[in-house]
Novice: 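Take this structure, written in structure tokens, and hold onto it; I'll ask about it next.
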Amino acid sequence: MAETRAAGRAAELRRILDRAIRAYYVLDAPEMSDAEFDRLFLELQALEAAHPDLRTPDSPTLRVGAEPATSLAKHRHLSPMLSLANAFSDEDLAAWEERNARIAPDVVTAGYTLEVKIDGAAVSLTYQGGVLAVGATRGNGVVGEVVTANLRTVPDIPLRLVGKGWPALLEVRGETYMPRAAFDALNRKREAAGEPPFANPRNAAAGGLRQLDSRATRERGLRFFAFAASAPDARLPFKTQAEQLDGLAAWGFRVEPHRRRVAGLAEARTAIAALERELATLPFGADGVVVKVDRLALHEELGNIGDREPRWAVARKFAPEVAVTKLLDIKVNVGRTGALNPYAELEPVEIGGVTVSTATLHNADLIAAKDIRIGDWVEVTRAGEVIPQVLGPVREKRTGAEREFRMPAHCPDCESVVDAPADEVMTYCPNVSCPGRVHESIFHFASRGAMDIRGLGYEKVKQLLDAPLIKDAADLYGLEAERLVALEGFAEKSAAQLVQAVAASRDRPLSTLLFALGIRHVGAGAADLLARRFGTMDQLMEATAEQIGEVRGIGPTIAAAVQAFFRERRNRALVGRLRDAGLRMDEPAKVTAGGVFDGHTFVLTGTLSKLSREEATRLIEQAGGAVTGSVSKKTTAIVAGDEPGSKIEKARTLGIPMWDEAELLRRLGR
Ligand code: IVH
């Protein structure tokens, strides 16, 4: 077949197949027989095999899965992927509206949209020129993982947008989920094969997304609903959330059909009550109703609470299922900060389709306040994401044999005398080298939102500590495959994979490392702010608590915790050894494609008169540039305000251009 004819036929087949897939999965209105579909699909596959240059990134043939990847690349979200605050009652909902009305009085009359809250895994899809370019998991909200090939296998994610009006660069967010039927079938199959079943469809969906082999993702039968769109450098043609959802549907996305607009909270309440009854009958897991302020202009006015959750949306959750079971014992676990966490060992019981055998008890005060005793029959609940909780005892069932719980005077892991600060409810093991603490902190260090060392789970960390091949996180970087092979459960391949996964983590940015270090109160969001503001580990370690506290979004508690962490000799030593092991200690520039400062790095010094340091940093970053703390040959310019520091000297010696604030603003076009 002549090249041009082949190209023409391939394009035609892509169009026909794409349309058929949308008709079947998105519009729920099949327009082609399976046999016909298969015939055309095979024809396209054969064409692409014969003419590899005809393969396109939006070809329906990609939906069967691609070659396995060796690892998942990281993706920094254009804007953080937020989570949602919860409202457990109508009163909570009214209080939410009242808080918002203080900021933006119009919310009361602007109407709301109600959407089913789908219980799956959030993903972010980037479309360039209408073609799916990147699909990423939520990750820690700031940085996720690239799972584009996997998401192409999800039939209701368009590989190419349809309709009109979409911007050249579009980011769509939504939920991938596993339909109940597919979940049940998967678990039956796993049990038959002697594999442990998944606890719930959410875990199965999230795990399915992160497969290295996209064909394995496809096997999970994941589906997708879209719920948000944004365009970093264009205005979307929507004034309301309701319009946005309709717009997404018009561009080829599947949008959950129960969505509706209500005029105000009164109407919302009735509609939510009706929806609540329907949730259990849906063919997928749904764990609430999301209430969103309808008018998009108000979203901007209301803004977000930190990088955590928007003020303009809330998840209305319903009373969780409660089960009664026997509290067999209360044990204590040492957390990575040394806090002693009491937890309940329960007679296994099923709650909302999940078997529960342990539940958190928070702290000794709460156990006493609820009068929970060992041997009690207790009410246990599991609310969505949250770890199972013990609500309280069933007093009528007491026999008199129940025992009160007392916090141990010695750490269960290292026997140190525990520390119970008078002004805190928690009790701590004071020993920074306590094996329990070390175990938890290395596990956190290696975990997915942190350094993401694949294959290093809780049990493996324990094994390495017991061997003993490691004493702390820095020792991971000295692990050798030959030594690992000697351990039970390690084969040559898995040992080599672990060493490789450890090595790959060396290059994680400072923000990830800061989070991984497990500094008290420093979550992924705070770590990101700190890394972006200070640029390098050294700059942060040298900063005073005041300087740290000045960072927007960082309060005095975090600032004090960061300082306390670096004051501790052992922590400084750990950082030093991580540095010696070759870990990256700085934050790469956050680049917005196409900005005037694309690829340029700046250093700020002294006090600017119009802009705060944070504002200047933000403006530079928005223009595609990066701000770091120290001058190097790669610095584009040093921006100096009043009373500049010693960096000026260094810039002079290196011949780095010096700008004042006016020059910066001029270059930014302001
Ligand atoms: S809005 C910025 N709408 O629930 C707004 N989220 O608990 C955040 N979710 O991370 C998301 N259905 O993964 C929104 N209709 C819906 C949703 C929804 C499910 C998930 C989403 C989010 C999580 C928060």
Side-chain angles (χ1 to χ4, degrees), residues 77-88 92 96 100 112-125 135-145 147 151 154 156-157 171-179 200-203 205-206 209 222-230 236 238 240-242 244-249 253-262 268 271-272 275-276 278-279 282 284-294 296 298-318 320 383-386 449 524-525:
H77 300 300
L78 291 177
S79 58
M81 286 183 79
L82 307 179
S83 138
L84 290 172
N86 292 325
F88 290 103
D92 283 359
W96 169 70
N100 283 342
Y112 294 104
T113 47
L114 307 181
E115 295 166 33
V116 168
K117 184 164 186 296
I118 306 123
D119 197 10
V123 296
S124 181
L125 308 171
T137 63
R138 177 174 188 278
N140 61 21
V142 178
V143 176
E145 284 171 319
V147 288
L151 286 171
V154 178
D156 25 38
I157 291 182
E171 193 178 64
V172 171
R173 291 192 173 159
E175 200 84 350
T176 40
Y177 66 93
M178 201 161 170
N200 54 49
R202 180 168 8 114
N203 291 356
L209 267 188
L222 299 182
R223 304 291 302 266
F224 178 79
F225 280 125
F227 54 65
S230 67
L236 290 175
F238 315 124
T240 64
Q241 171 66 9
Q244 174 161 250
L245 293 174
D246 290 344
L248 282 166
F253 291 92
R254 201 152 136 263
V255 180
E256 210 291 319
H258 290 84
R259 64 182 187 274
R260 64 177 277 191
R261 187 183 182 285
V262 293
I272 289 170
L275 260 180
E276 179 185 0
E278 258 189 275
L279 291 189
L282 297 177
F284 51 86
D287 59 340
V289 174
V290 186
V291 185
K292 296 178 184 172
V293 171
D294 194 34
L296 298 177
L298 290 172
H299 292 197
E300 290 196 15
E301 228 175 286
L302 289 166
N304 303 330
I305 305 176
D307 268 356
R308 203 158 35 101
E309 56 202 35
R311 288 195 183 80
W312 46 264
V314 70
R316 174 73 171 84
K317 296 269 187 91
F318 306 107
E385 202 74 49
V386 193

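When a ligand or atom number is given, it counts from 1 through the structure's own listing order.
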Novice: Please enumerate all residues that pass ring pair (Phe, Tyr, Trp, His ring centres under 6.0 Å) together with Phe224, with sequence neighbours excluded.
Specialist: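 If we apply the ring pair (Phe, Tyr, Trp, His ring centres under 6.0 Å) test to Phe224, skipping adjacent residues, there are no hits.
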Novice: Is Lys292 in contact with ligand 1, taking contact as a heavy-atom separation below 4.0 Å?
Specialist: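 Yes, Lys292 has heavy atoms under 4.0 Å from ligand 1.
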Novice: Is the Tyr177 ring parallel, tilted or perpendicular to the Phe225 ring (thresholds 30°, 60°)?
Specialist: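 Tyr177 and Phe225: parallel rings.
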Novice: For ligand 1, which part of Tyr177 has a heavy atom less than 4.0 Å away: the side chain, the backbone, both, or neither?
Specialist: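 Neither; no heavy atom under 4.0 Å.
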Novice: Once you restrict to heavy atoms under 4.0 Å, what part of Leu84 touches ligand 1? Side chain, backbone, both or neither.
Specialist: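 For Leu84, the contact with ligand 1 is made by both the backbone and the side chain.
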Novice: Report the part of Glu175 (side chain from C-beta onward, or backbone N, CA, C, O) that has a heavy atom under 4.0 Å from ligand 1; answer both or neither where that applies.
Specialist: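 The side chain, only.
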Novice: Just to be sure I'm reading this right: ignoring hydrogens, which of Ile118, Val255, Asn86 gets closest to atom 12 (N) of ligand 1? Compare them by their nearest heavy atoms.
Specialist: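 Nearest option to atom 12 (N) of ligand 1, by heavy atoms: Ile118.
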Novice: Within the structure, does Arg138 bring an N/O atom to less than 3.5 angstrom of an N/O atom in ligand 1?
Specialist: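 N/O-N/O distance below 3.5 Å does not exist for this pair.
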Novice: Name all residues meeting the ring pair (Phe, Tyr, Trp, His ring centres under 6.0 Å) criterion together with Tyr112; count only those two or more places apart in sequence or in a different chain, and write none if there are none.
Specialist: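 Result, ring pair (Phe, Tyr, Trp, His ring centres under 6.0 Å) vs Tyr112: Trp96.
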Novice: For ligand 1, which atoms, with element, lie under 4.0 Å from some heavy atom of Glu115?
Specialist: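 That gives atoms 3 (N), 15 (N), 16 (C) of ligand 1.
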Novice: Relative to ligand 1, is Arg173 under 4.0 angstrom through side chain, backbone, both or neither, heavy atoms considered?
Specialist: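 The answer is neither; Arg173 stays 4.0 Å or more away.
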Novice: Counting N and O atoms only, with roles assigned by atom type, does the side chain of Glu175 sit under 3.5 Å from a partner on the main chain of Lys117, one being a donor and the other an acceptor?
Specialist: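 It does not hold such a pair.
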Novice: Determine whether the side chain, the backbone, both or neither of Asp119 has a heavy atom under 4.0 Å from any heavy atom of ligand 1.
Specialist: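 Neither part.
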